[in-house]
There are 2 protein chains.
Amino acid sequence: MVVDPARTYRYRAEERLRRTGARVTRPRIEVLAMLLAAPRALTHHEIERQVNRALGIDRVTIYRVLEWLTAHGLAHRISGDDRVWRFNAAEDERTHEHAHFKCNDCGEVICLDKAIAARSVPLPTGYRTQEIELTVKGLCADCVPARADRHRRQGPAQHRQ
Amino acid sequence: MVVDPARTYRYRAEERLRRTGARVTRPRIEVLAMLLAAPRALTHHEIERQVNRALGIDRVTIYRVLEWLTAHGLAHRISGDDRVWRFNAAEDERTHEHAHFKCNDCGEVICLDKAIAARSVPLPTGYRTQEIELTVKGLCADCVPARADRHRRQGPAQHRQ
DNA sequence: GCTCTTATGCAACATGGTTGCATTTGACCC
DNA sequence: GGGTCAAATGCAACCATGTTGCATAAGAGC
């Protein structure tokens with residue numbers, strides 16, 4: 001039996017939305033489905049390009065949907081050093097460990113959640129830890145081979161947004 | 001013997017600038033002196049408020065000076081989740097470990113460099129680590145006691161910028 | 001299908017940072 | 001001390017990312 005993959009993600013998205021008790025709307029379904037389908041964290045831009053073009057959903061709505069999904073634990077937001085937020089579907093509706101990898105060349109961000117035990121870090125007296133965020137930066141599998149080459153000719157790639 | 005502390009920092013700043021071999025200018029001296037004097041990372045805003053008001057140095061120049069200091073290893077840039085860059089004087093002109101504490105209440109950022117051994121983190125096949133960035137978030141010594149209290153009355157504080 | 005709340009779309013705005021270009025200035029040389 | 005010239009500065013205009021206010025549309029319970 002052949003299934004349209006996008007449809008499957010939409011269905012899963014709808015289900016999750018329904019569980020929150022809030023309204024299940026087209027923009028929420030589409031954005032969450034896109035996050036569920038993505039193998040890495042997506043920027044507002046990437047989502048807008050697809051969802052706005054296909055369905056004419058407004059960019060402000062997308063911002064608001066992303067904020068709402070984050071607030072309701074269906075997605076989480078990763079802030080990098082390029083001043084662009086990236087979003088993931090929350091794997092299992094509990095908070096995750098905020099461990100990420102970011103490619104210094106193409107800007108790709110992926111989650112590393114597992115494996116990273118958030119150990120305690122010594123702080124000055126009186127300070128209190130609430131969360132620990134670990135970001136590994138480097139080169140992703142696509143950029144490791146491409147890099148030396150590309151740099152010789154034209155400098156680093158534009159980051160995906 | 002009594003010494004004007006600001007003058008001392010300016011002197012140290014000048015010395016470091018001179019060692020780079022590049023031009024030693026007023027904006028560079030002032031900005032670097034301010035970073036050297038600060039016990040925590042400063043935002044462009046904080047620097048601008050002081051340096052622009054006192055000396056009329058342009059905000060664009062401050063941006064460029066900060067960029068230049070960073071590129072020359074005299075300062076480093078910390079990017080938080082509020083889309084604001086913060087700057088530290090580089091302690092010893094070698095790269096540091098990028099371990100920071102950020103207060104979730106007032107936004108203060110301090111360096112934790114020591115103590116945090118950058119251990120290796122397992123990545124997917126083909127990925128390569130270049131740097132590891134560790135940010136601990138929580139409450140600073142000033143905000144731990146103030147918080148419960150303030151929250152009851154008026155919500156969290158504005159971050160410093 | 002009616003009603004009421006909530007979400008959406010649109011336009012205008014805010015913030016943080018960048019670029020282009022004419023003018024000024026630090027540093028080297030005499 | 002003064003001349004020279006590349007490099008730094010100041011200014012204005014710009015850009016990217018994200019926000020706000022408000023009128024309209026559309027879920028969901030009945």
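Any value given below was found using the heavy atoms of this structure, including those in side chains, with hydrogens, waters and symmetry copies removed. So that the names make sense, note that chain A is the first sequence line, chain B the second, and so on, each numbered from 1.
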How close or far is atom [atom2] of [N] from atom [atom1] of [X], stated in whole angstroms?
X: A/Leu55; N: D/dA26; atom1: CG; atom2: P; answer: 14 Å
X: A/Tyr63; N: C/dA14; atom1: OH; atom2: P; answer: 17 Å
X: B/Ile29; N: C/dT25; atom1: CD1; atom2: P; answer: 14 Å
X: B/Leu69; N: D/dT9; atom1: CG; atom2: C1'; answer: 15 Å
X: B/Arg77; N: C/dT18; atom1: CZ; atom2: C1'; answer: 12 Å
X: B/Trp68; N: D/dA7; atom1: CH2; atom2: C1'; answer: 11 Å
X: B/Ile62; N: C/dT18; atom1: CD1; atom2: P; answer: 14 Å
X: B/His44; N: C/dT18; atom1: NE2; atom2: P; answer: 9 Å

Ignoring hydrogens and angles, answer whether the base of C/dG9 and the side-chain atoms of A/Arg64 contain a donor-acceptor pair closer than 3.5 Å.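 Check passes, donor-acceptor contact within cut-off.
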Presence of donor-acceptor pair under 3.5 Å, side chain of B/Arg23 and base of D/dA6: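 Yes.
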Between A/Met34 and A/Val84, is there a shared hydrophobic cluster once you connect ILVMFWY residues whose side-chain heavy atoms come closer than 4.5 Å?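 Result: no, two separate clusters.
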Using OP1 and OP2 only, check whether a side-chain N or O of [X] sits under 4.0 Å from [N].
X: B/His45; N: C/dG16; answer: yes
X: A/Thr25; N: C/dA7; answer: no
X: B/Arg28; N: D/dA8; answer: yes

Given A/Leu17, which of A/Arg23, A/Arg12, A/Arg28 fulfils the side chain to side chain contact (heavy atoms under 4.5 Å, CB included) condition?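 So, applying the side chain to side chain contact (heavy atoms under 4.5 Å, CB included) to A/Leu17 and each of A/Arg23, A/Arg12, A/Arg28, only A/Arg28 qualifies.
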Indicate, with a heavy-atom threshold strictly under 4.0 Å, whether B/Arg59 touches base, sugar-phosphate, or nothing.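 Here B/Arg59 touches the bases of the nucleic acid.
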Report the residue (A/Trp85 or B/Asp58) whose heavy-atom-nearest nucleotide on DNA chain D is the more 5′ of the two.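 So the residue in question is B/Asp58.
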Could you pick out which residue, A/Val60 or B/Gly56, lies toward the 5' side of DNA chain D when each is mapped onto its nearest nucleotide?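 Comparing both residues, the 5'-ward one is B/Gly56.
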Is a side-chain donor or acceptor of A/Glu46 paired with a backbone partner of A/Thr43 at a separation under 3.5 angstrom?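 Judged by distance alone, yes, a pair lies under 3.5 Å.
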Taking for each residue the nucleotide of DNA chain C bearing the nearest heavy atom, is the 5' side occupied by B/Asp82 or by B/Ala22?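 The answer here is B/Asp82.
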Consider side-chain hydrogen bond (donor to acceptor under 3.5 Å, both in side chains). Of A/Gln130, A/Glu133, A/Glu131, which one does B/Lys137 pass it with?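 Of the listed residues A/Gln130, A/Glu133, A/Glu131, the side-chain hydrogen bond (donor to acceptor under 3.5 Å, both in side chains) partner of B/Lys137 is A/Glu133.
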A/Tyr63 and A/His44 aromatic centres sub-6.0 Å: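 A/Tyr63 vs A/His44: aromatic centres under 6.0 Å.
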